[in-house]
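Pasting a structure here, questions to come.
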There are 2 protein chains.
Amino acid sequence: MSKLPARIRLADAAFALFDERGYEQTTVDDIAERAGLGRTTFFRNYRSKEDVIFPDHDRLLALIRDRLATSSHSTALVAVSDAVRLVLLHYVDEGDLARRRYALTSKVAALRDREIASVGRYQRLFREFIADWMGGPTESASLRAELMAAAVVAAHNHVLRRWLRGESSDPVAEVDEAMREVLALFSAPGSSPGPGGGTTVVAFRTGQDIDALLPSLRRLVEDGAEH
Amino acid sequence: MSKLPARIRLADAAFALFDERGYEQTTVDDIAERAGLGRTTFFRNYRSKEDVIFPDHDRLLALIRDRLATSSHSTALVAVSDAVRLVLLHYVDEGDLARRRYALTSKVAALRDREIASVGRYQRLFREFIADWMGGPTESASLRAELMAAAVVAAHNHVLRRWLRGESSDPVAEVDEAMREVLALFSAPGSSPGPGGGTTVVAFRTGQDIDALLPSLRRLVEDGAEH
DNA sequence: TTTACTTGCGGCACTCAGTGCCATAGCTTG
DNA sequence: CAAGCTATGGCACTGAGTGCCGCAAGTAAA
């Protein structure tokens, strides 16, 4: 008995205690004791208390990096979509574990922050890759790369969270669809009006008839007044 | 002498020491001692060591919240642009302080994470506001809100970082331009083929007279043509 | 002037995360 | 059997953050 590797036993103990008492009410000593191990062993297996919950972010980052690296200029966007799908699948494969983690990050601010910081790393990876792909060190390309990277990870997170909440039965299909929407966004012809001070017109959908809106529009144009 | 309030003296001491020895090599005791104050006083003024560097995030969040709150459905996008500009201006007003903070967050991983987590809070605010504005609890609207919020803060951060690095002489103009690009992105006709519908509302800044724009507007409403 | 109340500060003791060092038990390889 | 490697436990230490108590100075009320 107790033949499970220390890493696993520690993780099990940690999640059990987090469920019972909450994250902040659980000390590393508690975890080690419950696992029947020493405190030192805990820190040898996990860099920090938070790390028990987010074990393989580094591996995931490497996964993305690899997938992006094995692409040519013409397949860059496919690589991005693939990488996103890879990450999503990783979480889906975790199944219940991912959902327990989500429950924790939803409750504990420190963990939520940590999660967001990790997402930031993903976003950075995508940003650099996309900027590279866009080539031009133009300021405009740089901004577009930033926007696109942000949209890519936002799409991923949106679908992931839906799945975590049990709102999605086919997350892979959803993420593919979401990525299509993202790519459509950035392939839209007019989206890069370039410099030159022309007028930019922005349209959104509403339920109202346009003529009913015209007065507000006028005021909006003239002085940004309220409506 | 030493008539400056404790808060200020502590911040001065902290930044000085961070510059001299680096963030991790500076303890809270060091800071308090340099400021000629007690350790207790430090924690009374700042919740944590990191807080000395990011003092008024809460105030900034409230600022955004307020600006977004004072808007109607038709001026929602103007409010978003305004809020973004507000945040940017806050940092620009800080001047050198903001740049010293940037130097620190660039070097120290813990601070970078903290910064990213803060940005996440901004993004959440925008996401909720935009989702609310889009109305429909549709899954499609929800995704679009998420994408748009991500793009909005990405645009802001892009311009802010440019300014922090000294690459921008007129950040306000740049952020306005970037926001135009973001809004244009999401107004692109093809991107939301969604179920049919209503008419289109238009928000924009322009130098032109609105009447000169009306024909384009009508076309935009009818078939989503550009500019 | 004396009393009472508030505000800002210092000191101290405590918890807990995280680091570093040393010792030891077990297992493998010569 | 000896040498070496690996996984573990114990222990002491630093440093962040909390809580409590006490003190001084200023202010208001008696």
Side-chain angles (χ1 to χ4, degrees), chain A residues 1-18 20-55 57-58 101 104-105 107-115 117-118, chain B residues 1-18 20-55 57-58 101 104-105 107-115 117-118:
Chain A
M1 58 193 335
S2 277
K3 280 308 169 202
L4 284 169
R7 234 187 120 76
I8 310 290
R9 273 158 60 199
L10 286 166
D12 286 348
F15 272 92
L17 286 169
F18 293 162
E20 290 173 19
R21 317 182 193 171
Y23 177 79
E24 277 138 347
Q25 282 62 47
T26 304
T27 73
V28 173
D29 289 279
D30 294 336
I31 301 173
E33 188 187 358
R34 163 83 64 117
L37 292 168
R39 175 186 154 81
T40 309
T41 302
F42 177 91
F43 283 107
R44 247 192 293 265
N45 283 275
Y46 298 99
R47 273 186 294 231
S48 72
K49 188 178 162 188
E50 296 176 356
D51 253 35
V52 193
I53 307 178
F54 309 100
H57 256 140
D58 291 345
R101 186 188 302 122
L104 285 173
T105 54
K107 286 195 184 309
V108 184
L111 298 179
R112 183 169 44 241
D113 287 357
R114 160 81 181 243
E115 176 77 39
S118 300
Chain B
M1 63 196 313
S2 275
K3 279 306 169 204
L4 285 169
R7 235 188 118 76
I8 311 289
R9 273 158 61 200
L10 285 166
D12 286 349
F15 272 91
L17 286 169
F18 293 162
E20 291 173 19
R21 316 181 194 170
Y23 177 79
E24 277 139 347
Q25 282 64 48
T26 304
T27 73
V28 172
D29 289 279
D30 294 338
I31 301 173
E33 188 187 357
R34 163 82 64 116
L37 293 168
R39 173 188 155 82
T40 310
T41 303
F42 178 91
F43 283 107
R44 248 191 294 264
N45 283 275
Y46 299 99
R47 273 186 297 235
S48 73
K49 188 178 163 189
E50 296 176 357
D51 252 35
V52 192
I53 307 179
F54 308 99
H57 256 141
D58 291 345
R101 186 188 301 121
L104 285 172
T105 53
K107 288 195 183 308
V108 184
L111 298 180
R112 183 170 43 243
D113 286 357
R114 160 83 181 244
E115 175 76 41
S118 300

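Order of the sequence lines fixes the chain letters, A, B, ..., with proteins taken first and strands second; residue numbering starts at 1 for each chain. Quick caveat: nothing in here was measured; it's all calculated off a predicted structure.
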Can you name the residues that form a salt bridge (charged side-chain N to carboxylate O under 4.0 Å, His left out) with A:Asp113, not counting sequence neighbours?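 Here the qualifying residues are B:Arg121.
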Hey, where on DNA chain C does chain B first and last touch, going 5' to 3'? Cut-off is any atom under 4.0 Å from a heavy atom.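 Boundary nucleotides touching chain B, in 5' to 3' order, are C:dC9 to C:dC12.
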Checking B:Asp58 now: which residues fulfil salt bridge (charged side-chain N to carboxylate O under 4.0 Å, His left out) with it, not counting sequence neighbours?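 Once residues adjacent in sequence are excluded, the partners of B:Asp58 under the salt bridge (charged side-chain N to carboxylate O under 4.0 Å, His left out) criterion are B:Arg47.
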B:Arg112: salt bridge (charged side-chain N to carboxylate O under 4.0 Å, His left out) partners, not counting sequence neighbours: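 By the salt bridge (charged side-chain N to carboxylate O under 4.0 Å, His left out) rule, B:Arg112 matches no residue at all.
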Only counting residues at least two apart or in another chain, list the ones meeting ring pair (Phe, Tyr, Trp, His ring centres under 6.0 Å) with A:Phe43.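 Per chain and number, A:Phe43 pairs via ring pair (Phe, Tyr, Trp, His ring centres under 6.0 Å) with no residue.
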Applying side-chain hydrogen bond (donor to acceptor under 3.5 Å, both in side chains), name anything that partners A:Ser118, two or more places apart in sequence or on another chain.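 Result, side-chain hydrogen bond (donor to acceptor under 3.5 Å, both in side chains) vs A:Ser118: A:His57.
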Reading 5' to 3' through nucleotides 8-17 of chain D, protein heavy-atom contacts under 4.0 Å coded B for base, S for sugar-phosphate only, - for none: BBBB---SBB
Return a table of donor-acceptor pairs under 3.5 angstrom between the side chains of residues 29-42 of chain A and protein atoms on other chains or two or more places apart.
| unit_1 | atom_1 | unit_2 | atom_2 | d |
| --- | --- | --- | --- | --- |
| A:Asp30 | OD1 | A:Thr27 | OG1 | 3.4 |
| A:Asp30 | OD2 | A:Arg21 | NH1 | 2.9 |
| A:Asp30 | OD2 | A:Thr27 | N | 3.0 |
| A:Asp30 | OD2 | A:Thr27 | OG1 | 3.2 |
| A:Arg34 | NH1 | A:Glu20 | OE2 | 3.4 |
| A:Arg34 | NH2 | A:Glu20 | OE1 | 2.9 |
| A:Arg34 | NH2 | A:Glu20 | OE2 | 3.1 |

Just to verify, what does B:Phe15 make a ring pair (Phe, Tyr, Trp, His ring centres under 6.0 Å) with, not counting sequence neighbours?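 Applying ring pair (Phe, Tyr, Trp, His ring centres under 6.0 Å) to B:Phe15 gives none.
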